[in-house]
Engineer: 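Quick one: the structure is below, questions incoming.
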Amino acid sequence: MASTIFFFLLSLTFSNHLLVSASGRDTTDLIQKTCQNTKHYDLCVFSLESNPTSSHMDTKGLAQIMAGIGMANATATSSYLSSLLLSSSASNNTVLKKVLKACADKYTYAGDALQTSVQDLAMENYDYAYMHISAASDYPNACHNAFRNYPRLVYLPEIAQREEGLKQICDVVLGIIDHLGFQ
């Protein structure tokens with residue numbers, strides 16, 4: 001399941017691979033050093049090395065890239081939930097429609113929070129960036145809880161994977177920000 005989440009996240013965000021240049025070794029070293037401070041080292045390294053702009057970034061830039069990956073994940077999940085809302089299986093179930101709408105909204109809010117965190121990072125307001133990323137990480141819980149409130153509704157494995165993926169991405173960004181505060 002973890003590998004499914006990992007590859008799903010990467011396919012959502014970047015299809016290009018890091019071009020190795022003379023400075024490629026330095027970039028790889030910075031990425032690896034930065035990712036050592038995170039809970040999900042492999043996700044961090046693979047995501048950043050897959051982004052060609054990583055080679056031109058400092059640690060703050062790497063945090064912004066990961067926040068962008070989180071925004072892509074949240075946006076894709078919101079779109080996925082909206083598509084479920086429009087599906088024939090949801091058309092006659094008002095409770096399911098209500099829950100899917102609430103979930104789509106929560107993932108939209110998560111994307112907005114991540115967008116704000118990118119701006120916070122640019123202004124080196126790391127405390128605010130941390131707060132917004134923490135909020136983005138928590139929005140999927142509200143979706144999960146909405147399903148729990150209606151025991152007859154099934155929390156689809158696809159939604160659970162997307163929830164876990166966003167939380168892992170946010171964990172990575174938080175780990176990078178923790179390191180930024182001490183540089």
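The structure presented is a predicted model; accordingly, all values stated were derived computationally and were not measured. All values below were derived from every heavy atom in this structure, side-chain atoms included, with hydrogens, water molecules and symmetry-related copies excluded.
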Engineer: Would you mind reporting whether Val173 and Ile176 have side-chain heavy atoms less than 4.5 Å apart?
Structural biologist: no
Engineer: Please list, chain by chain and in numerical order, all residues satisfying side-chain hydrogen bond (donor to acceptor under 3.5 Å, both in side chains) with Lys101, sequence neighbours excluded.
Structural biologist: Asp105
Engineer: Answer yes or no: is there a donor N or O on one side and an acceptor on the other, between the side chain of Thr34 and the main chain of Thr59, under 3.5 Å?
Structural biologist: no
Engineer: Tyr130: which residues meet the ring pair (Phe, Tyr, Trp, His ring centres under 6.0 Å) condition with it, sequence neighbours left out?
Structural biologist: none
Engineer: With sequence neighbours left out, write down each residue that passes side-chain hydrogen bond (donor to acceptor under 3.5 Å, both in side chains) with Asn145, or none if nothing qualifies.
Structural biologist: Arg148
Engineer: Where is the tightest heavy-atom contact between Ala142 and Lys106, given as atom of each residue plus distance?
Structural biologist: CB-CE, 3.9 Å
Engineer: Applying ring pair (Phe, Tyr, Trp, His ring centres under 6.0 Å), can you list everything that pairs with Tyr107, at least two apart in sequence or on another chain?
Structural biologist: none
Engineer: Considering residues at least two apart in sequence or located in another chain, which fulfil the side-chain contact (heavy atoms from CB on, under 4.5 Å) criterion with Glu124?
Structural biologist: Lys60, Tyr126
Engineer: Which residues pass the side-chain contact (heavy atoms from CB on, under 4.5 Å) test with Asn125, not counting sequence neighbours?
Structural biologist: Asp120, Met123, Tyr128
Engineer: Listing request: all disulfide bond (SG atoms under 2.5 Å apart) pairs with a residue in residues 110-174, at least two apart in sequence or in separate chains.
Structural biologist: Cys103-Cys143
Engineer: Sequence neighbours left out, what passes side-chain hydrogen bond (donor to acceptor under 3.5 Å, both in side chains) with Tyr155? Give chain and number order.
Structural biologist: Glu163
Engineer: Under the disulfide bond (SG atoms under 2.5 Å apart) rule, what pairs show up with a residue in residues 52-84, not counting sequence neighbours?
Structural biologist: none
Engineer: Pair Gln168, Glu164 - check side chain to side chain donor-acceptor pair (under 3.5 Å), show working.
Structural biologist: CA-CA 6 Å; Gln168 288 182 9; Glu164 183 61 26; 3.1 Å; yes
Engineer: Which salt bridge (charged side-chain N to carboxylate O under 4.0 Å, His left out) pairs, counting each pair once, include a residue from residues 126-141, with sequence neighbours left out?
Structural biologist: none
Engineer: Cut-off 3.5 Å, no hydrogens considered: what does the side-chain donor-acceptor table look like for residues 111-118, sequence neighbours left out?
Structural biologist:
| unit_1 | atom_1 | unit_2 | atom_2 | d |
| --- | --- | --- | --- | --- |
| Thr116 | OG1 | Asp112 | O | 3.0 |
| Ser117 | OG | Leu114 | O | 2.6 |

Engineer: With sequence neighbours excluded, what pairs up with Ser78 under the side-chain hydrogen bond (donor to acceptor under 3.5 Å, both in side chains) test?
Structural biologist: Thr108
